[in-house]
Amino acid sequence: MASLHLSGVFYSPVQYLTQINTNPKFSFSRSSIAFRAPSIWPSSSAGFSQQSPSFSGFLSKSRSFGVFARATTDKTIYDFTVKDIDGKDTPLNKFKGKVLLIVNVASRCGLTSSNYSELSQLYEKYKTQGFEILAFPCNQFGGQEPGSNTEIKNFSCTRFKTNFPIFDKIDVNGPSTAPIYQFLKSSAGGFLGDLIKWNFEKFLVDKNGKVVERYPPTTSPFQIERDIQKLLAA
């Protein structure tokens with residue numbers, strides 16, 4: 001269990017929040033906080049370093065992800081321009097007014113087949129109602145997206161008949177993180193910090209271009225369907 005170390009006392013996250021809610025004198029200085037979490041990450045060779053996650057983003061709870069999320073920017077998804085899989089600039093304001101599911105994809109992951117299949121089915125079911133899936137290939141997790149953009153496009157279109165937009169391969173963690181993913185992570189931080197944990201982590205964006213939910217890689221697209229329906233009906 002992760003713990004918080006304040007002035008020599010260790011608290012679990014639940015104990016910490018209980019202290020805040022029941023003891024008005026319970027306070028802390030930011031510099032005194034050390035967030036400690038078990039070593040559950042893959043090695044750095046799998047695509048990201050074993051850094052201690054940031055404590056920021058811990059304080060407000062996200063329902064679906066079961067984590068702590070925050071919104072720290074007035075920007076929306078429409079403020080960004082990305083390159084598509086063919087290298088062409090794509091302003092994301094072209095998706096204004098639509099519900100978006102943004103996901104980092106990979107071609108050789110154990111989650112690839114189920115995710116691509118379910119994503120394609122959801123897209124076909126809701127695309128005429130104002131739903132879009134934006135897929136961003138990333139090779140930072142186990143080197144499981146090593147191919148060129150052309151190879152990635154051929155793989156997804158040939159094997160899974162995908163019709164939703166796929167974009168240029170990017171980094172989602174580290175110093176070269178794409179601006180779009182800096183925005184996504186700043187809008188919804190995870191329980192163990194802002195790091196994207198693995199392939200197929202998902203962000204749900206409403207019709208106003210704001211991130212409203214974040215889901216871990218193990219959440220299947222079908223499990224998100226009800227949330228998609230609610231946003232489409234809003």
Side-chain angles (χ1 to χ4, degrees), residues 45-49 73 75-124 126-128 130-188 194-211 214-215 217 221:
S45 63
F48 53 93
S49 61
T73 177
K75 286 187 175 182
T76 72
I77 206 79
Y78 310 132
D79 293 310
F80 297 88
T81 294
V82 298
K83 289 189 179 299
D84 68 14
I85 197 74
D86 298 314
K88 298 177 181 178
D89 285 342
T90 304
L92 294 183
N93 61 16
K94 70 176 289 185
F95 300 108
K96 188 169 290 188
K98 294 191 175 185
V99 174
L100 307 177
L101 187 64
I102 301 177
V103 53
N104 58 298
V105 299
S107 301
R108 300 183 182 180
C109 179
L111 300 173
T112 297
S113 183
S114 61
N115 271 268
Y116 261 119
S117 177
E118 292 184 19
L119 287 170
S120 294
Q121 291 180 63
L122 284 180
Y123 185 65
E124 292 303 315
Y126 294 107
K127 65 179 181 180
T128 59
F131 176 62
E132 289 284 350
I133 295 171
L134 310 185
F136 289 87
C138 178
N139 193 42
Q140 289 187 290
F141 307 104
Q144 294 176 347
E145 190 70 295
S148 65
N149 281 355
T150 299
E151 290 170 329
I152 294 168
K153 182 179 180 179
N154 289 340
F155 169 82
S156 62
C157 293
T158 301
R159 182 169 177 180
F160 297 102
K161 311 299 181 184
T162 55
N163 291 318
F164 52 80
I166 300 178
F167 295 90
D168 186 32
K169 186 159 62 174
I170 60 170
D171 282 356
V172 299
N173 288 330
S176 298
T177 298
I180 182 61
Y181 265 82
Q182 292 175 359
F183 166 76
L184 292 171
K185 294 190 293 183
S186 71
S187 298
D194 285 343
L195 290 177
I196 300 298
K197 309 306 184 291
W198 199 250
N199 305 307
F200 297 99
E201 193 155 321
K202 304 162 187 77
F203 294 86
L204 189 61
V205 178
D206 67 14
K207 295 176 182 178
N208 298 313
K210 291 289 189 178
V211 178
R214 177 177 178 174
Y215 309 87

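All values below come from the heavy atoms of this structure, side chains included, with hydrogens, waters and symmetry mates left out. The first residue in the sequence is number 1, and the count goes up from there. Remember, it's a predicted structure, so these values are computed and weren't measured experimentally.
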Spell out, as yes or no, whether a donor-acceptor pair under 3.5 Å connects the side chain of [X] to the backbone of [Y].
X      : Y      : result
Ser107 : Ile152 : no
Thr162 : Ser156 : yes
Asp206 : Gly209 : yes
Glu132 : Phe95  : no
Asp171 : Ala178 : no
Asn104 : Glu201 : yes

Side-chain heavy-atom pair [X], [Y] within 4.5 angstrom cut-off:
X      : Y      : value
Leu134 : Val205 : no
Asn199 : Thr112 : no
Ile77  : Leu184 : yes
Leu101 : Tyr123 : no
Phe136 : Val82  : yes
Cys109 : Trp198 : yes
Phe80  : Lys75  : yes

Worked check of side-chain contact (heavy atoms from CB on, under 4.5 Å) between Tyr126 and Val99 | CA-CA 10 Å; Tyr126 294 107; Val99 174; over 6 Å; no
Evaluate the criterion side-chain contact (heavy atoms from CB on, under 4.5 Å) for residue pair Asp79 and Phe183; output intermediate values, then yes/no.
-> CA-CA 10 Å; Asp79 293 310; Phe183 166 76; over 6 Å; no
Atom [atom1] of [X] and atom [atom2] of [Y]: how far apart are they, to the nearest 0.5 Å?
X      : Y      : atom1 : atom2 : answer
Phe155 : Tyr116 : CZ    : OH    : 6.5 Å
Asn93  : Thr81  : CG    : OG1   : 7.0 Å
Thr90  : Asp84  : OG1   : CG    : 4.0 Å
Arg214 : Leu204 : CZ    : CG    : 13.5 Å
Arg159 : Ser113 : CZ    : OG    : 5.5 Å
Phe160 : Ser117 : CZ    : OG    : 7.0 Å

Applying side-chain contact (heavy atoms from CB on, under 4.5 Å), run through Ile196 and Phe203 and close with a yes or a no.
-> CA-CA 11 Å; Ile196 300 298; Phe203 294 86; 3.7 Å; yes
Report the C-alpha separation of Phe200 and Val105 in whole Å, then their side-chain angles, then the decisive distance to 0.1 Å, and conclude whether the side-chain contact (heavy atoms from CB on, under 4.5 Å) test is met.
-> CA-CA 5 Å; Phe200 297 99; Val105 299; 3.8 Å; yes
Atom of Cys138, atom of Ala106 and distance for their closest heavy-atom approach |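 Minimum heavy-atom separation between Cys138 and Ala106: O-CB, 4.3 Å.
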So with a 6.0 Å cut-off around NZ of Lys94, is the heavy-atom count from everything else above 12?
->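 Counting other residues, nucleotides and ligands, NZ of Lys94 stays at 12 neighbours or fewer.
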Cation over ring face, Lys96 and Tyr78, 6.0 Å, 45° |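 That pair qualifies as a cation-pi contact.
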Contacts of type salt bridge (Lys or Arg N to Asp or Glu O under 4.0 Å), residue Asp86, not counting sequence neighbours |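 Residues passing salt bridge (Lys or Arg N to Asp or Glu O under 4.0 Å) with Asp86: Lys153.
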Just jot down the salt bridge (Lys or Arg N to Asp or Glu O under 4.0 Å) partners of Lys207, sequence neighbours excluded, or say none.
->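 For Lys207 there are no salt bridge (Lys or Arg N to Asp or Glu O under 4.0 Å) partners, ignoring immediate neighbours.
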Using only heavy-atom distances, determine whether the side chains of Lys202 and Asn115 contain a donor-acceptor pair under 3.5 Å.
->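 Side-chain D/A pair, Lys202 to Asn115: present.
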